[in-house]
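Here is the structure we will look at, set down as structure tokens.
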Number of protein chains: 2
Amino acid sequence: MAKEIGASTVRTERRDAAENRQRILNVAIRLFEQHGVEHVSMNQIAAEAQIGSGTLYRRYRNKSELCLDLIKDNVVLLFEDIETYLEQNRSRPPSLRLKGILSLFIRFREKKAQLLTGVEDSSSSQSKTRTRSPIHDELHQLLVELFDEINKREPVHPESAFRADMLLMALSKDAYLFQKEVRGYSPETILEQVCLTFIPPERDN
Amino acid sequence: MAKEIGASTVRTERRDAAENRQRILNVAIRLFEQHGVEHVSMNQIAAEAQIGSGTLYRRYRNKSELCLDLIKDNVVLLFEDIETYLEQNRSRPPSLRLKGILSLFIRFREKKAQLLTGVEDSSSSQSKTRTRSPIHDELHQLLVELFDEINKREPVHPESAFRADMLLMALSKDAYLFQKEVRGYSPETILEQVCLTFIPPERDN
DNA sequence: CTATTAAGTGGAGAACACTCCTTTTATATT
DNA sequence: AATATAAAAGGAGTGTTCTCCACTTAATAG
């Protein structure tokens, strides 16, 4: 009668559930590659995977989460790359390190454009304001640290958190695509413009 | 048999159409005030205005356009205010004029938050990238001119168009609300941060 | 081996944006 | 007054996201 709570019993994932999960992932990858992330609906995925749509939504609250699951590994790699880069350039000026990170991120963006776009798609329900994607949160923290370091030499400056928000916004799906498609900038040009805009010039002090 | 094309016959708006238009506008205002822009659907408006949804969509392609129609007058006023301000401060430094414009826009944003938010709601169909709202386009042009002027004194600088894009993005619905709600900034603080971020300090040259 | 039960499933259906096509009608023309 | 016609209306229909909940089932405890 007394229920075991916590510790002892951990209820592993059910076998059939695991199968379904794998099926969803496979179908999603296939459909995304075939038609492009934007043109594949959750219904379609559910149907193709032969599960009810409720089942799909039970696992992924929306397409963003599904996309995130699909590139999770790549995201981990990105952050490992960043970490390595930061360690190898520890002694160089923070503005340069910042630029390096941005370069890495832009390369990532280009490589995984489709899915990353899916992840960021504000999409669903209300909360545009609420949840930034976890990728952004982690990058934000890195940026804040670098800005703090840069700011030590600057007499007046915006809050690091604010500047980081702005910078990330500049690299977000919408802004980035706008610069590419409407302004016609290349990834390299965007990087350069972003640096000029958000990184104050070196003080030769 | 021969059709008159163009010039002579101009087919005025039909009387019943005009009535419907007014009805839509009235209903929309009422519902928006009653439930908030976000929570009113096009269907609801159509139903309440006693017209078919097709009729509503025939006039406004989406909620954004409807909202825009509702604040069009205020937008005109905003730009008149800006123009007046610019004329009265013609001789002051461009960075200061820029700040003035931003201040006016933020005040506008606060006053017409609801509807403006509706206008910007990227919402609908694909084209997130495509059409910036006309308000943004016009502001963008003003900003570019000011940045060009500022840049004359700066040795290195980002493209004015780019910087203007970033600045407007900072004041867009999503970013602005994020700063208010998540970062907890007041409108004044946001203005200040934006200036610090996007307007280079005066050169005492 | 059975019973219990939380985890999982399926799919109907609500709510919504938006389209398409038929029918209606105000207006201009004769 | 009759007719032609482009403008307007209407609303059923499509495709979407997402919720709800009655039902099923795998894992576990006894």
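This one's a predicted model, so the numbers in the text were calculated from it and none came from an experiment. Every chain is numbered from 1 and lettered A, B, ... according to where its sequence line falls, protein lines coming before strand lines.
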Restricting to nitrogen or oxygen on both sides, can you table the protein-nucleotides 19-22 of chain D pairs closer than 3.5 Å?
none

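When side chains are defined from C-beta on, B:Ser64 does not count as touching B:Leu68, because their heavy atoms never get closer than 4.5 Å. Annotation: side chain of A:His140 is in contact with side chain of A:Leu168 (closest heavy-atom distance under 4.5 Å).
Look at A:Glu13 and A:Arg21 and you find a salt bridge, because one of the NZ, NE, NH1 or NH2 atoms lies within 4.0 Å of a carboxylate O, short of that distance. Comment: B:Glu149 engages B:Arg97 in a salt bridge, judged by a side-chain N to carboxylate O separation of less than 4.0 angstrom.
Straight-line distance from the CG atom of A:Asn43 to the C1' atom of C:dC16: 14 Å, rounded to whole Å. Spacing between atom CD of B:Glu38 and atom P of C:dA17 amounts to 12 Å, rounded to whole angstrom units. The CD-C1' distance, from A:Gln50 to C:dG10, rounds to 13 Å in whole Å. Nucleotide C:dG11 holds its P atom 11 Å from the CD1 atom of A:Ile51, rounded to whole Å. Whole-Å rounding puts the B:Ile45 CD1 to C:dA15 C1' distance at 15 Å. Taking atom CZ of residue B:Arg59 and atom P of nucleotide D:dG10, one finds them 11 Å apart after rounding to whole Å. Straight-line distance from the CG atom of A:Asp16 to the P atom of D:dT25: 9 Å, rounded to whole Å. C:dT24 atom P lies 20 Å from atom CD of B:Glu19, rounded to whole Å.
When the nucleotides D:dT17, D:dA7, C:dT9 are ranked by their closest atom to the side chain of A:Met42, D:dT17 comes out on top. In the set D:dC18, D:dA9, C:dC16, the nucleotide with an atom closest to the side chain of B:Ser41 is C:dC16.
In this structure, the side chain of A:Lys63 engages the main chain of A:Val40 through a donor-acceptor pair within 3.5 Å. In this structure, B:Arg163 contributes its side chain and B:Phe198 its backbone to a donor-acceptor pair below 3.5 Å.
In this model, the phosphate group of C:dT9 is approached by a side-chain N or O of A:Asn20 to a distance below 4.0 Å at OP1 or OP2. At least one side-chain nitrogen or oxygen of B:Arg15 sits closer than 4.0 Å to the OP1 or OP2 atom of C:dT27.
Remark: the B:Arg14 side chain and the C:dT25 base include a donor-acceptor N/O pair separated by less than 3.5 Å.
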Side chain to side chain contact (heavy atoms under 4.5 Å, CB included) between A:Phe162 and B:Thr189, intermediate numbers included: CA-CA 11 Å; A:Phe162 184 85; B:Thr189 311; over 6 Å; no
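A residue-by-residue look at A:Gly52 and B:His39 shows that A:Gly52 has its nearest nucleotide of DNA chain C further toward the 5' end.
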